[in-house]
Amino acid sequence: MHNCQMTSDQSPDPDRQLAAIRAVVSALRVGEVVTYGLVADRAGLPGRARLVGLALRTAPDSTTLPWHRVVGAGGRIVFPAGSESAEQQARLLRAEGIDVKGRRVAMPQGADLDALLWGAPGAVKMRRSQKGDRR
DNA sequence: AACTTGACTAATC
DNA sequence: CGATTAGCCAAGT
């Protein structure tokens, strides 16, 4: 059977990508909070933050997956305010020692970490130091 | 095959 | 700081 034309493996199967994303999330330790974008980056899928959401949403084992450790950019919970999901995520994070204010996780004293990684290894993409950094 | 939808993100208002 | 808009990428209709 040769006839197989190209196709090759240039484009990894979608499931493969989703699996990679879930693996990254599954590897998150207690108290470690990362953003969708960072998860995508770690999974080798830069620019596909939305794909992370899809992977978590379609995760077969969301119950055993620390999905709550994944938040939106800036440490904001992406679920609608007041929604059960948002409340549950906030509760789960608090249970791990993460302080959550409303739909946003409390970061190290007003640091402008957009990538915000609490306990995450080698992250801190930092953000330009704002202008009048007041306190 | 075109259009809509979504667990995203950044910039504006 | 919340609401809007626009850009982005893949899946579902």
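A, B, ... follow the sequence lines: proteins, then strands. Residue 1 opens every chain.
Rounded to whole Å, atom P of dA7(B) lies 14 Å from atom CD1 of Ile21(A). At whole-Å resolution of the value, CG in Asp41(A) and C1' in dT9(B) are 14 Å apart. In this structure, the OH atom of Tyr36(A) is 17 Å from the C1' atom of dA10(B), given to the nearest Å. Separating the CZ atom of Phe79(A) from the P atom of dT9(B) is a distance of 12 Å, rounded to the nearest angstrom. Computed from coordinates, the Trp67(A) CH2 to dC8(B) C1' distance equals 16 Å when rounded to whole Å. Whole-Å rounding puts the Arg57(A) CZ to dC9(C) C1' distance at 16 Å. Atom CG in Leu45(A) sits roughly 14 Å away from atom P in dT9(B) (whole-Å rounding). Atoms CG (Leu38(A)) and P (dA10(B)) sit 12 Å apart, rounded to a whole Å.
Between Leu54(A) and Arg103(A), the residue whose closest nucleotide on DNA chain C is further toward the 5' end is Arg103(A).
Side chain of Arg48(A) to backbone of Pro46(A): a donor-acceptor contact under 3.5 angstrom is found. Although no hydrogens or angles enter the test, the distance criterion places no donor-acceptor pair under 3.5 Å between the side chain of Gln89(A) and the main chain of Arg103(A).
With a 6.0 Å radius and a threshold of 12 heavy atoms from other residues, nucleotides or ligands, Arg94(A) has its CZ atom above the threshold.
The closest side-chain heavy-atom distance from Thr58(A) to Arg22(A) is below 4.5 Å. Proximity of Val34(A) to Val24(A): side-chain heavy atoms (C-beta onward) are nowhere separated by under 4.5 Å. Side chains of Leu28(A) and Arg42(A) form a contact here, defined as non-hydrogen atoms less than 4.5 Å apart. Under the 4.5 Å side-chain criterion, counting only non-hydrogen atoms from C-beta, Glu96(A) is in contact with His68(A).
Listed in residue order, the members of residues 81-95 of chain A having a heavy atom less than 4.0 Å from DNA chain B come to none.
Heavy atoms only, all atoms of each residue included: Leu65(A) and Ala59(A) are closest at CD2-CB, 4.0 Å. Between Gly72(A) and Val78(A), the closest heavy-atom pair is CA-CG1, 3.6 Å.
In this structure, the nucleotide among dA7(B), dA10(C), dA11(C) sitting nearest to the side chain of Arg48(A) is dA10(C). Comparing atom distances between the Leu51(A) side chain and each of dT9(B), dA10(C), dA11(C) picks out dA10(C) as nearest.
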Protein and nucleotides 5-8 of chain C: nitrogen or oxygen contacts under 3.5 angstrom:
unit_1	atom_1	unit_2	atom_2	d
dC8(C)	O2	Arg50(A)	NH1	3.0
dC8(C)	N3	Arg50(A)	NH1	2.8

